Amino acid sequence: MRPLTYSRAADVQDAIALATANPASAFLAGGTTEVDLIRAGISRSEHLVDINELPLRGVEDLPDGGLHIGALARMSDVARTPRVVERYPAISRALLLGASEQLRNMASMGGNLRQRTRCAYLRDGVSPCNKREPGSGCAALDGFNRGHAILGTSEHCIATHPSDVAVALVAFDAVIRTVGPEGERAIPFDDFFLLPGDTPQLEHPIAPGELIVGIDVPGAPIARGSVYLKFRDRQSYEFALVSVAAAIEVDDNVVAGVRIAMGGIGTKPWRARRAETALVGSPPNETSFRHAAAVELAEAVVREHNAFKVELAQRAMVRGLVHSLNGRQS
Amino acid sequence: MSAVGTPVTRVDGPAKVTGAARYSAEISLPGMTYLAVVGATVASGRVTAIEADAARAAEGVLAVLTPEELPKIAAEPHLLPSLVGGPAPGESFFPMQDDVVQYAGQPVALVIAEEYEQAHHAASLVRISYQPTKSITTIEEGREQAYEAQRLFGGLMPARSERGDVEAGLAGADVRVEVAYKMAANHHNPIEAPSTVATWDGGNLTLYESTQGIRATQQTVAQLLGLPIARVRVITRFVGGGFGGKAMVWPNVTLTAMAARYVGRPVKLMLTRPQMFTSNGHREEQEQRIAIGAARDGRLTAIRHEKLSITSPFDDWAEPATGVSSQLYGCENFLGVHRLIKGNTMTPTFTRGPGESLGVFTLETAMDELAYQLAIDPVELRVRNHTPVDPFGNPWSSDGLVECLRLGAERFGWSERNPAPRTTRDGEWLVGTGVAAAAYPIAFFMPPQRARARIFADGSAIVQTSTQEFGTGVLTMATQVGADALGVALREMEFQAGDSDLPNSTAAVGSAGAGMVSSAVHAAGTALREQLIALAVSDEQSPLHGAGPGSVKVADGHLTSAERPGAVDTYRELLSRNHLSDAEALGMWRPPPLDTPHGLLTFGAQFAEVAVDPELGLVRVRRLNGAFAPGRVLNPLLAHSQLMGGMLWGMSQALLEGNHMDPRYGRWAETNLAEYLVPVNADAPEVRVDFVDVDDELVGPLGAKGVGEIGQVGAAAAIANAVFHATGRRIRSLPMAPELVMDPAVGGR
Ligand SMILES: Cc1cc2nc3c(=O)[nH]c(=O)nc-3n(C[C@H](O)[C@H](O)[C@H](O)COP(=O)(O)OP(=O)(O)OC[C@H]3O[C@@H](n4cnc5c(N)ncnc54)[C@H](O)[C@@H]3O)c2cc1C
Ligand code: SF4
């Protein structure tokens, strides 16, 4: 591992000052992503600003019935917080289905949102990769791309965003709160994840030294019946081939409200807005679910090894909606 | 009371649980330095330049070795399986002797530094330029140039086996099944990464090495470095799993010794997880096809079994895959062929259930199809084709196949099965069951095995041999065998291993470990007991004086004779009366000759129940039952663990494991444990293991045929057959990933 320097931030302003002072610095929360990437030679950070002493671990009520989740709250703690389990079961499930218990005990919510893609060509340190070496090309386009995205891709990058909980959060219109050298900001969840376009190396609209302090999840009664389903080769400790967060509300035998987001198929946590639009006002049955899923996946761009995800994602979306409709937890 | 056959818990359990057990990477020596290996990033070509100035200048760096600095080896390595007992290089190639690159990951430079992290950082600063040439790393790329191999395993075995007229047998059959499979490459991935500590004392080299064969390591390194074997000592107290990846001796061991000589200090090498995918062999990417002909009544008339796989530029390596299919069932006409493609990978190697496990997969899934075609129950079809003799007409040293099939079927509840596919639903899941026979060859390639037994005046005893504990429980098993052979209580017996200075035993591979070690230990304990009995009956002061030696029995250190009712002597009294502080004996076991007139297979039967979500392609194994006839079960707890582990690995092979080569770069796509999938606890079903007793007097004095491989064999086939029963679809590649299992889209894209 490359030689590193390290400092520990006393408070939020200190963290920002320390990080801004050295342009090659990174915040260190649980370290489960950052240390891995330093070891692999992918992260170029030379200075780590440890933020674990900042008071950002709580989960608090918001006036609208929503929740504020501190950036340093651990995945395992958030997953088991009763208010999260009651109001947003999909968030709790998404957390519990991610990584392993050991990792969840270390990993923070803020760090989770900034984890990087699992694309093996990024991580091998030698293959052409526009995220690692802008302009070098994308080895995944014609390579082993089974895990790669089919929505939101570009000719420059097709890497999947790997987070589970981000999928549940984007379904509920969460907002990311940051403090940076320029002051405080509230970034809508969907805007926090940039599409690769022709600058896949840019992943988030945040400035050097800008710290995530928490996540606001607005109150949403529909979320109480939400589900998160994750499909993968093995039953634990694996990223999703396809995952779905879904919540549905029916009134007078038509869909009154619906939230759908998908993981494993998008270059960002994928809010399925087209499917949502198609569903509202339709009868809540498998035919309309299937139609909505087809609408969402219509623009999928597939590669040699990930074409199966188009069908798999549609079936997963239908399954998620059916489970939410039937009041099943998982 | 006999200790053998009882469920003794692991003697090394407390040491492992408390961390007192020291693995090779945990050995610390004064002045220790650390080695990082720089691997080639191209799969074929030449190294044109190595810029190492930045690395040399980095903090803590002691040396950077390129082919220019590295000494030449004393002898070219020639691959030979470690079971044979001689030098056993994993490939007939040694890196860094010139500028040629034969495979990605091949060592091209070495960095030695004061600290592990310093060595790895400096290694990342070494800049290597290549002139790449076109590589072949997949079957698809090399199909055109495939050739039929003549011999396998370093020349040890013929690659073709033939009897009768297979084409006529197929042509004359009432029914035929012909199937082909693609099987992805597998990597061993034990939790302990290969690690070596090398230290020189003058001209003497000591290696602490994570190996399945310390004597093989000793001889290989001595040969490559041109040292007398007596000057190389290998110590291996504990190994954190091997599965075949540590059965052969790979270049990094010798490179570590060379590095230690170069810097004049002890050197430690710990491979990284990604390096484990290019440093210790793998199970080769392969395709198998089989054609089976049968008469209406189910009796087989012909089997043609072919394997095509990819090997290295320098060795004709294929795990033999047709040995079981040629013998398991009575069938007059047989043809087994291995075809190879030379590619730019390292030489593949043994991986648990070597060769035959995928061979049996192919045979047993085809047998299942045959059963459906003939509408004969799959268990019944196998029973009908059972043969009491091998193809040469030799009787099995011990059998048990039919008993395993029957017992397994009964315990599994096979008779309640509705044979029609896709008939059982459980909510979103389709449920199916499947069966496969299991068999694994016993090979007597090894030289005589020796052990030493020693007893002290206080009655405590030691047995020693140069094997090593790699998780199988050999320390426990050998303690039991030694205690019984000598006639002392288990608590008095200590088994020592893990040092090449101890009497010879061969690498623990091919399921032969338990058989070899137990036979040698038994021989040593017996020799010492006989020596002490002879002493007692000739000792005038012994209550047993004058008794016939054959009449003397020993248990718990007490000697008695039917000829002297009531008289008791003890080892302690015997030794002290004779002013002996101890006594010792060497025991030797000579394996049967290769041409022993016996069929040599271990038998079993596997049953699986799976649930398949046909929309999403998910397969959940709900139950695995295995019934096995491994001869004498030396310790049922250990045997159960070994067999259960094998069965779960079979599940892994069926559903999860597989690596993919990116042919553009010649590099593996999955090189860590997040992406290279092995099962986790959540995947593990209920596993049941039953034993069928068979007596085997040929395989060794204790009659143990071994449980290392047989648990894995057939498990994947039973699962695949269950997936067919659940869904009505046959999946033609391994692993059976969701995209293959999910029902195809109707009408859409
Ligand atoms: C083997 C493995 C399997 C995994 N499986 C899954 C899975 O199935 N599903 C899933 O969702 N995730 C999975 N993960 C990812 C895991 O959830 C993340 O690694 C973790 O959430 C990151 O949190 P952390 O606190 O450890 O972040 P760190 O590693 O400390 O930081 C990650 C990045 O975020 C930055 N950062 C951290 N905190 C802040 C902040 N407050 N403000 C601004 N920047 C910040 C850091 O500088 C760094 O760049 C897996 C990880 C591993 C190693
Ligand atoms: S998909 Fe993106 S991360 Fe992967 S190689 Fe291409 S550019 Fe790099």
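Heavy atoms only: backbone and side chains are in, while hydrogens, waters and symmetry mates are out. The shown structure was predicted, so the numbers you read here are calculated from the model rather than taken from an experiment. Every chain is numbered from 1, with letters handed out A, B, ... down the list of sequences.
- Distance alone, capped at 3.5 Å, places no donor-acceptor pair between the R234(A) side chain and the P679(B) backbone.
- Using a 4.5 Å cut-off between heavy atoms, D124(A) touches chain B through its side chain atoms alone.
- At a threshold of 4.0 Å, the pair K309(A)-E739(B) does not count as salt-bridged, since none of the basic side-chain nitrogens sits closer than that to a carboxylate oxygen.
- The contact between R232(A) and chain B is made entirely by backbone atoms, counting heavy-atom distances below 4.5 Å.
- In this structure, the side chains of M1(A) and Y116(B) stay at 4.5 Å or more apart for every pair of heavy atoms.
- Using a 4.5 Å cut-off between heavy atoms, E670(B) touches chain A through its side chain atoms alone.
- Of the two parts of L616(B), the backbone and the side chain both hold a non-hydrogen atom closer than 4.5 Å to a non-hydrogen atom of chain A.
- Salt bridge status for E117(B) with R2(A): absent, with no side-chain N to carboxylate O gap under 4.0 Å.
- The choice from Y237(A), F231(A), F239(A) that makes the most heavy-atom pairs within less than 4.5 Å of chain B is F231(A).
- Comment: R319(A) engages D613(B) in a salt bridge, judged by a side-chain N to carboxylate O separation of less than 4.0 angstrom.
- Residues satisfying the ring-ring contact (aromatic ring centres under 6.0 Å, His included) test with Y665(B), not counting sequence neighbours, are none.
- With a threshold of 4.5 angstrom between heavy atoms, L673(B) approaches chain A through N, CA, C or O but not through any side-chain atom.
- Of the atoms belonging to D683(B), heavy atoms from both backbone and side chain fall under 4.5 Å from chain A.
- Contact annotation: the side chain of P738(B) approaches that of L241(A) to within less than 4.5 Å [non-hydrogen atoms, C-beta and beyond].
- Proximity of R315(A) to M742(B): side-chain heavy atoms (C-beta onward) are separated by under 4.5 Å at one or more points.
- With contacts defined as side-chain heavy-atom distances shorter than 4.5 Å, the pair R118(A)/N672(B) qualifies.
- Of the atoms belonging to A139(A), heavy atoms from both backbone and side chain fall under 4.5 Å from chain B.
- R667(B) and S127(A) are linked by a side-chain donor-acceptor pair at a separation below 3.5 angstrom, with hydrogens and angles left out of the test.
- For V678(B), the parts lying under 4.5 angstrom from a heavy atom of chain A are both the backbone and the side chain.
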